[in-house]
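All of these numbers come straight from a predicted model, not from anything done at the bench. Lettering follows sequence order; numbering is per chain, from 1.
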Amino acid sequence: MAQYLLSVMEPTGGTPDPELLRQVMRDVEELDQAMRDKGVWVFAGGLHAPTSATVLRAQDGRVVVTDGPFAEGKEHLGGFSIIDVDDLDAALDWGSRLATATGLPIEVRPFRS
Amino acid sequence: MTEADRQVAAVFRAEHGRAVAVLTRQLGDLGLAEEAVQEAFVVALRRWPTDGVPPSPAGWILTTARRRAIDHLRREAARADKHAQAALLHARDEPPEVGPVQDDRLRLVFTCCHPALAVPTQVALTLRLLGGLTTSEIAHAFLVPEPTMAQRIVRAKAKIRDARIPYRVPRDEDLPDRLTGVLAVVYLVFTAGHTAVAGDDLVREDLCAEAIRLGRLLVELMPDEPEALGLLALMLLVDSRRATRVGPDGLVLLADQDRSRWDADEVAEGRALVRRCLRRGRPGPYQVQAAIQAVHTDPGPTDWAQVVALYDQLLALVPSPVVALNRAVAVAEVSGPGAALALVDDLPLTGFHVFHAVRADLLRRVGRRHEAVVEYDAAIAATDNAAERAHLTRVRDTVRV
């Protein structure tokens with residue numbers, strides 16, 4: 001078995017239609033439950049907006065705190081699921097379902113084992 | 001090159017894919033399998049010239065490679081590498097295998113052509129692992145610097161290992177999609193050889209031959225897939241005209257080619273394959289394209305109405321502007337250049353040299369000479385191939401006069 005990070009890549013700025021958002025939340029929840037039922041679910045979560053982030057950098061023996069995300073981009077990490085499956089094909093199957101549920105690009109990336 | 005060297009090279013080309021495929025299954029590690037096979041060939045280059053070529057060269061390579069891989073794993077395992085210890089146990093259990101093991105190579109095909117790898121990477125891996133071409137040969141064929149190609153292959157093997165791209169034939173429900181990807185890779189190798197995108201040669205024969213060899217392998221591995229048959233037939237029929245495609249003045253059009261110089265064996269084999277496809281009754285894009293090529297090899301004047309009918313079928317299977325463009329070329333022969341021009345005018349293919357060349361030819365034939373010259377210029381500007389440019393320039397100059 002191997003663990004994969006499924007990252008949901010959200011566009012930065014703009015707010016989606018509330019009705020659409022509710023539908024997406026329902027679909028994602030349903031998928032989350034399916035992952036648990038199949039025993040592949042490890043962890044999952046949705047993140048607050050990048051503007052809520054704080055960055056820490058260790059330099060010259062102290063840690064500098066900065067407001068905002070590490071990098072400004074057209075897309076940002078909106079949420080993620082971690083799954084434990086046999087191989088990339090299985091990870092891509094679950095990732096495809098997440099892409100369908102969210103309507104957003106999903107990056108599938110293996111953890112070091 | 002000595003006789004033994006030549007034999008090692010021939011065995012390398014013929015057996016590399018099988019040896020890597022069998023060892024990958026036994027060891028569960030494609031990178032290790034490939035390295036071991038590589039080392040076995042190095043040993044062969046040293047030993048065969050003095051000891052003579054063994055009775056079963058393929059079996060010798062596999063046994064030697066397997067021994068090397070196990071030695072390597074033992075060294076790693078001694079350093080308490082858990083992965084190596086596990087692999088070693090697995091490798092010890094497996095009896096050495098010599099005979100043809102079709103499924104292993106089929107697994108390798110689908111691993112090399114996995115959709116999680118970029119298409120140029122799929123092409124490189126297929127040629128490298130399955131075809132046994134050297135990195136330098138592949139780099140040369142695709143006009144890419146050798147270090148770039150080497151890096152592309154190293155990264156791909158690392159991704160296969162780290163992301164766990166599975167080493168297996170896809171499930172039935174995924175097979176049609178995945179097979180389409182595999183056939184596309186082989187056809188890409190062929191077209192890269194057939195119309196070298198840049199450079200002075202119109203054809204890179206080595207790539208065409210390699211693609212046909214891979215096509216034969218796919219037919220051998222998947223005898224029930226009519227599209228694999230169709231692809232092989234298509235490549236053979238197109239390749240049969242290779243000798244006549246380029247003359248002293250550049251590109252020679254199909255109608256002007258000397259049919260007696262077409263490769264009769266390839267024509268016969270291609271036509272026989274097309275007939276086999278027809279009997280299956282499960283048409284697909286490669287089979288229909290092969291059938292179109294087969295019509296062009298019928299004796300006597302070309303039956304253009306049949307070509308148009310086949311393009312209608314192809315357009316239904318693959319509704320793309322490039323297919324529509326090719327169909328228009330056939331329509332011109334049945335209904336005249338004016339009718340074809342009306343079909344071509346609105347195609348969204350600006351910048352594609354074949355589009356401009358076809359449009360130029362049709363404009364010339366309906367007598368719109370000034371517009372034809374403009375289109376020829378657009379076609380010349382859009383092609384990087386010297387032979388095609390020479391042909392287009394020559395025709396343009398006859399229109400201009």
Side-chain angles (χ1 to χ4, degrees), chain A residues 1-10 27-28 30-45 71 73-113, chain B residues 21 24-25 27-33 76-77 80-87 90 103-104 106-119 121-122 125 129 154-182:
Chain A
M1 297 292 270
Q3 294 194 347
Y4 295 84
L5 174 67
L6 311 182
S7 305
V8 182
M9 305 315 293
E10 255 175 28
D27 290 351
V28 170
E30 207 172 287
L31 178 60
D32 200 70
Q33 192 54 50
M35 288 174 175
R36 289 168 197 261
D37 293 346
K38 290 280 178 194
V40 303
W41 188 94
V42 178
F43 191 79
K74 282 204 296 267
E75 290 92 21
H76 60 264
L77 181 65
F80 60 89
S81 297
I82 297 170
I83 54 171
D84 194 6
V85 292
D86 279 339
D87 54 36
L88 185 66
D89 279 357
L92 295 182
D93 281 347
W94 286 107
S96 303
R97 291 176 68 176
L98 191 55
T100 308
T102 57
L104 293 169
I106 304 298
E107 183 190 88
V108 179
R109 202 164 153 191
F111 278 89
R112 289 176 190 272
S113 52
Chain B
T24 302
R25 178 173 50 76
L27 303 168
D29 184 333
L30 191 141
L32 176 61
E76 297 294 308
D81 180 330
K82 293 251 162 51
H83 173 74
Q85 286 168 353
H90 188 58
D103 283 0
D104 282 330
L106 199 54
R107 284 192 196 99
L108 188 59
V109 170
F110 283 105
T111 305
C112 292
C113 300
H114 196 279
L117 300 167
V119 170
T121 303
Q122 295 178 24
L125 273 187
L129 298 179
V154 167
R155 276 202 191 139
K157 285 191 290 195
K159 179 164 183 181
I160 289 173
R161 184 192 61 224
D162 297 339
R164 288 201 185 208
I165 289 181
Y167 184 63
R168 64 156 176 260
V169 177
R171 296 171 301 190
D172 282 351
E173 65 256 43
D174 297 332
L175 197 58
D177 263 2
R178 296 286 308 276
L179 179 65
T180 304
V182 169

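Residues B:Ala163 and A:Pro110 share a closest heavy-atom pair of CA-CG, 3.6 Å. For the pair B:Arg164 and A:Met1, the tightest heavy-atom approach, listed with the atom from each and the gap, is NH2-O, 3.4 Å. Heavy-atom minimum distance, A:Leu88 versus B:Ala116: CD2-CB, 3.6 Å.
Counting heavy atoms of neighbouring residues, nucleotides and ligands inside a 6.0 Å radius, atom CZ of A:Phe43 does not exceed 12 of them. In the displayed structure, A:Arg109 atom CZ is contacted under 6.0 Å by at most 12 heavy atoms of other residues, nucleotides or ligands. The neighbour count for A:Gln33 CD, taken as heavy atoms of other residues, nucleotides or ligands under 6.0 Å away, is above 12.
Within the 4.5 Å cutoff, no side-chain heavy atoms of B:Arg171 are placed close to those of A:Asp89.
Considering only heavy-atom pairs separated by less than 4.5 Å from chain B, the leading option among A:Asp87, A:Val108, A:Asp86 is A:Asp87.
Looking at B:Arg178, the atoms closer than 4.5 Å to chain A (heavy atoms on both sides) all sit in the side chain, from C-beta outward.
Taken to the nearest 0.5 Å, the CG atom of A:Asp93 stands 6.5 Å off from the CG atom of B:Asp174.
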